[in-house]
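Because the structure is predicted, anything quoted here is derived from the model rather than measured. In what follows, every heavy atom counts, from backbone to side chain, and hydrogens, waters and symmetry copies are set aside.
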Amino acid sequence: QVQLVESGGGLVQAGGSLRLSCAASGRTFGIYAMSWFRQAPGKEREFVGIINAMGRNIQYADSVKGRFTISRDNAQNTVYLQMDNLKTEDTAVYFCTAGVYSTDPEQVDYWGPGTQVTVSS
């Protein structure tokens with residue numbers, strides 16, 4: 001009962017910032033944990049960050065901890081990923097997800113179509 005669509009991706013220089021948004025449909029947005037995953041060419045899809053339904057339990061991958069911040073606004077049915085001090089290795093398609101509180105992509109219930117983030121030198 002949830003549809004997701006990401007926005008905010010684009011081209012940015014290393015050291016810059018982007019904020020990704022994920023808009024969700026449905027009347028049950030507040031019961032889902034929301035996650036961000038990413039996939040770079042030639043690499044496996046990897047976990048980026050997760051926030052639980054109440055918005056107080058948050059985890060990040062070590063590769064982005066201290067640089068990325070995940071947040072949610074349940075009243076607006078939106079989850080955000082603020083990305084600061086971007087590196088070229090952050091280049092990937094970023095996916096918004098909804099489901100159980102898990103970093104395993106096989107346990108995710110819903111996926112957005114993804115948005116491209118490209119970081120140049």
Side-chain angles (χ1 to χ4, degrees):
Q1 295 181 344
V2 175
Q3 292 79 44
L4 306 170
V5 59
E6 304 92 342
S7 63
L11 176 64
V12 65
Q13 288 187 314
S17 298
L18 284 174
R19 188 182 74 163
L20 305 183
S21 298
C22 175
S25 68
R27 298 178 294 275
T28 58
F29 176 78
I31 71 171
Y32 295 104
M34 303 293 294
S35 302
W36 290 92
F37 288 77
R38 67 186 183 186
Q39 188 166 25
K43 295 185 178 180
E44 298 288 331
R45 188 168 295 184
E46 67 173 340
F47 166 77
V48 175
I50 187 167
I51 184 168
N52 77 341
M54 296 298 296
R56 297 199 296 177
N57 191 358
I58 299 172
Q59 293 178 265
Y60 300 98
D62 288 343
S63 59
V64 306
K65 193 171 185 178
R67 299 188 298 118
F68 290 12
T69 304
I70 188 170
S71 61
R72 67 189 296 163
D73 185 342
N74 288 354
Q76 298 296 319
N77 291 342
T78 304
V79 63
Y80 303 96
L81 184 68
Q82 177 67 43
M83 304 185 295
D84 297 319
N85 192 24
L86 283 160
K87 304 175 180 179
T88 56
E89 51 262 46
D90 295 318
T91 295
V93 176
Y94 284 72
F95 299 92
C96 174
T97 77
V100 299
Y101 193 87
S102 176
T103 61
D104 183 358
E106 298 297 323
Q107 296 185 330
V108 171
D109 292 319
Y110 303 99
W111 292 83
T115 186
Q116 177 71 47
V117 172
T118 303
V119 184
S120 63
S121 301

Check: Taking the side chain as C-beta and beyond, is there a heavy-atom pair between Val108 and Ser35 under 4.5 Å?
Finding: no
Margin query: In terms of relative ring orientation, are Phe95 and Trp111 parallel, tilted or perpendicular, with 30° and 60° separating the classes?
Written below: perpendicular
Note to self: I need the minimum non-hydrogen distance between Ser17 and Asp84, along with the two atoms involved.
What the structure shows: OG-OD1, 2.8 Å
Checklist line | Verify same cluster id: Val93, Leu18 (apolar side-chain graph, 4.5 Å) | finding: no
Checklist line | Shared hydrophobic cluster, Val100 / Met34 (ILVMFWY, side-chain heavy atoms < 4.5 Å) | finding: no
Next item on the list: Can you see which heavy atom on Ala92 is nearest to which on Ala40, and at what distance?
Entry: CB-N, 3.8 Å
Next item on the list: Looking only at non-hydrogen atoms, find the nearest pair between Val5 and Pro113 and report the distance.
Entry: CA-CD, 4.1 Å
Margin query: Is any side-chain heavy atom of Asp90 closer than 4.5 Å to one of Met83?
Written below: no
Notebook entry, point to check: Will you find, in the side chains of Gln3 and Ser25, an N or O donor that is under 3.5 Å from an N or O acceptor?
Noted result: yes
Notebook entry, point to check: Excluding sequence neighbours, so at least two apart, what forms side chain to side chain donor-acceptor pair (under 3.5 Å) with Thr103?
Noted result: none
Checklist line | Euclidean distance, Glu6 CD relative to Thr97 OG1, rounded to 0.5 Å | finding: 9.5 Å
Next item on the list: Treat each ILVMFWY residue as a node, draw an edge where side-chain heavy atoms are under 4.5 Å apart, and state whether Tyr101 and Met54 are in one component.
Entry: no
Check: Atom CZ of Arg38 and atom OG1 of Thr91: how far apart are they, to the nearest 0.5 Å?
Finding: 9.0 Å
Note to self: As an exercise, state the distance from CG of Leu20 to CH2 of Trp36, rounded to the nearest 0.5 Å.
What the structure shows: 4.5 Å
Item checked: Nearest heavy-atom neighbours spanning Ile58 and Ile51 -> CG1-CG1, 3.8 Å
Item checked: Ser7 side, atom OG; Tyr94 side, atom OH - distance, nearest 0.5 Å -> 15.0 Å
Notebook entry, point to check: Would you say the side-chain atoms of Tyr60 pair up with the backbone N or O of Arg67, donor to acceptor, closer than 3.5 Å?
Noted result: no
Notebook entry, point to check: Under 4.5 Å between side-chain heavy atoms, hopping through other hydrophobics if needed: is there a path connecting Tyr110 to Ile50?
Noted result: no
Next item on the list: Classify the ring geometry between Phe47 and Phe37 as parallel (under 30°), tilted (30 to 60°) or perpendicular (over 60°).
Entry: perpendicular
Notebook entry, point to check: For the atom pair CG (Leu4) and OG1 (Thr78), what is the distance rounded to the nearest 0.5 Å?
Noted result: 10.5 Å
Next item on the list: Could you tell me whether a side-chain N or O of Asn52 sits under 3.5 Å from a main-chain N or O of Asn57, the two making a donor and an acceptor?
Entry: yes
Item checked: CG on Asn77 to CZ on Arg72, rounded to 0.5 Å -> 9.0 Å
Checklist line | More than 12 heavy atoms of other groups within 6.0 Å of Gln82 CD | finding: yes
Checklist line | side chain to side chain contact (heavy atoms under 4.5 Å, CB included) between Val2 and Asp109, intermediate numbers included | finding: CA-CA 9 Å; Val2 175; Asp109 292 319; over 6 Å; no
Next item on the list: Can you sort out the partners of Tyr80 under ring pair (Phe, Tyr, Trp, His ring centres under 6.0 Å), two or more places apart, ordered by chain and number?
Entry: none
